[in-house]
Amino acid sequence: MAPKKQNKKTNKQRRNPKKPAPATGGQRLKRAFWGLSLLILIVVATGYLVDQFMPPSSKPQQQIQSNGKFIGKIPSKTHPFEIYPKNGLSKPVKRPIAPKVIASRSLPKVAIIIDDIGYDKHIVKKFLALDAPLTFSVLPFSPFEKEISSAARSKNIETMLHLPMEPAEYPMVDPGPGALLTSMSADELINQLKKNLRSVSAIKGVNNHMGSEMTQHSSQMYQIFTILKKEGLYFIDSRTTSKTLCKPSARLLQVPFAERDVFLDHVPTSEFIEGQLNELVRTAHQQGHAIGIGHPHSSTHRTLKKMLPRLKKKIRLVPASELVRQLGSASH
């Protein structure tokens, strides 16, 4: 049988397959556009997922500087940490006194306040697990306020309102939701303060968040303290400026009052915090009592956990309410 003839055209096509036409300039531009769009979409989606699921305490914070010197952190939109004084940390002005001789059965009282509570419930659980009578100062309108306040009550942890007030760096630094500003009228100031007080459950007192500008204005501090007096709340001055007028305002309106002695973690390293806790103990032994303010940093929790057994042999930890008094009455 004669062999079949092959199709010459088909064989030629197989030997020389048709090459695709080269992409035109317009097609290359279109491909580049869609590739770039996909890359941007991936970056945006990744950033959103990181922002949603990364704990606030692990997010990077910008730093604010004055004359080249670090003075604090610019708060993120969701977790505003303290802005520390420009010219060093303000300590209450006290007359030098000789250290008191204190019997072991009557150790000096120390309150440790943890500020900026309400945005990171995971770190709060770690502080609660220390099983120590700390005091939590909770920011108004914070997302986990109710959950944290309930957990604090179950552990007999005292809570305060961490009241946002205008700092000297405003508006570059925003103290966060519910801030009291010097530009507010008396009615605006009082209405905002009342909203802030209602936003945090079962508080016994108030301390200022930032406020290096607001606490210098006596007329507005009188307005604030008038409301605190009516509500039966104490006030603790965080002393973010040496020019604060909180003490004379509290004396005038007879609001139970105290002031911060030591900031514990403005340099958030374990070595520094340990030194500040030792300073807090020294201050307590000198004057019979002391107040320290820390923040919900992992380094603060770790250092407290490490040092609590030693601290309890030297001082008596108490809630902040035990160290306030009406000015003019006998001291502790």
Side-chain angles (χ1 to χ4, degrees), residues 56 59-92 113-119 137-142 160-186 188-190 192-193 195-197 199-200 205-225 228 235-250 259-268 291-297:
K59 294 179 185 179
Q61 300 267 333
Q62 290 179 290
Q63 295 182 350
I64 176 171
Q65 297 186 356
S66 176
N67 298 323
K69 294 182 179 180
F70 170 74
I71 61 170
K73 295 177 180 179
I74 296 178
S76 68
K77 292 182 180 179
T78 58
H79 202 169
F81 280 111
E82 187 59 79
I83 297 295
Y84 298 103
K86 292 180 181 179
N87 300 317
L89 292 175
S90 166
K91 289 187 177 181
I113 300 168
I114 305 298
D115 279 354
D116 298 333
I117 295 292
Y119 283 83
S137 194
V138 184
L139 287 160
F141 314 109
S142 48
M160 309 164 59
L161 170 67
H162 198 32
L163 181 61
M165 294 184 181
E166 181 178 328
E169 297 82 6
Y170 186 82
M172 183 175 65
V173 174
D174 182 2
L180 304 185
L181 306 175
T182 57
S183 59
M184 290 178 168
S185 67
E188 289 172 332
L189 188 77
I190 290 170
Q192 185 61 63
L193 174 59
K195 289 177 183 177
N196 293 346
L197 292 172
S199 75
V200 180
V206 173
N207 75 328
N208 54 298
H209 173 59
M210 304 190 190
S212 52
E213 182 64 34
M214 174 64 81
T215 56
Q216 297 184 51
H217 292 251
S218 59
S219 60
Q220 289 172 314
M221 292 311 301
Y222 293 159
Q223 292 161 9
I224 292 168
F225 279 32
L228 300 186
F235 186 86
I236 293 179
D237 187 358
S238 301
R239 290 193 64 86
T240 55
T241 174
S242 59
K243 299 177 182 178
T244 175
L245 296 175
C246 293
K247 189 172 185 176
S249 301
E259 52 193 1
R260 183 269 307 165
D261 293 289
V262 180
F263 271 129
L264 300 176
D265 52 9
H266 47 288
V267 178
I291 294 176
I293 292 181
H295 298 83
H297 301 307

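Of all non-hydrogen atoms in Gly178 and Phe141, the two that sit nearest each other are CA-CE1, 3.9 Å.
A 4.5 Å side-chain heavy-atom check between Pro296 and Ile114 finds at least one atom pair inside the cut-off. Annotation: side chain of Met221 is in contact with side chain of Met165 (closest heavy-atom distance under 4.5 Å). Leu163 has its side chain out of reach of Leu197: every pair of non-hydrogen atoms, C-beta onward, lies at least 4.5 Å apart.
Only one option out of Val206, Val138, Leu139 pairs with Leu161 in a side-chain contact (heavy atoms from CB on, under 4.5 Å); it is Val206. The side-chain contact (heavy atoms from CB on, under 4.5 Å) test with His295 singles out one residue from Asp116, Leu264, Ile113, and that residue is Asp116.
Under the 3.5 Å distance criterion, the side-chain polar atoms of Ser238 are left unmatched by any main-chain donor or acceptor of Thr240. Looking only at distances, no side-chain donor or acceptor of Thr215 sits under 3.5 Å from a matching main-chain atom of Cys246. With Arg260 contributing its side chain and Arg239 its backbone, the two residues share a donor-acceptor pair below 3.5 Å. Side chain of Gln220 to backbone of Thr182: a donor-acceptor contact under 3.5 angstrom is found. Under the 3.5 Å distance criterion, the side-chain polar atoms of Asn196 are left unmatched by any main-chain donor or acceptor of Pro140. Between the side chain of Asp115 and the backbone N or O of Ser137 there is no donor-acceptor pair closer than 3.5 Å. At least one donor-acceptor pair under 3.5 Å links the side chain of Asn208 to the backbone N or O of Met210.
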* For Ile236 and Glu259, run side chain to side chain contact (heavy atoms under 4.5 Å, CB included): C-alpha distance rounded to whole Å, both residues' side-chain angles, the deciding distance at 0.1 Å, then the answer. => CA-CA 5 Å; Ile236 293 179; Glu259 52 193 1; 5.7 Å; no
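To the nearest 0.5 angstrom, Ser142 atom OG is 5.5 Å from Tyr119 atom OH. We find the CE-CD1 distance between Met184 and Ile190 to be 11.5 Å, quoted to the nearest 0.5 Å. Once rounded to the nearest 0.5 Å, the distance linking CD of Gln216 with OG1 of Thr244 reads 8.0 Å. Distance check: Ser249 OG to Gln223 CD gives 10.5 Å after rounding to the nearest 0.5 Å. The CD atom of Glu169 sits 12.0 Å away from the CG atom of Asp174 when rounded to the nearest 0.5 Å. For the atom pair OH (Tyr222) and NE2 (His217), the distance works out to 13.5 Å, reported to the nearest 0.5 Å.
Other residues, nucleotides and ligands contribute at most 12 non-hydrogen atoms within 6.0 Å of the OH atom of Tyr170.
By the 30° and 60° cut-offs, the orientation of the rings of His266 relative to Phe263 is perpendicular.
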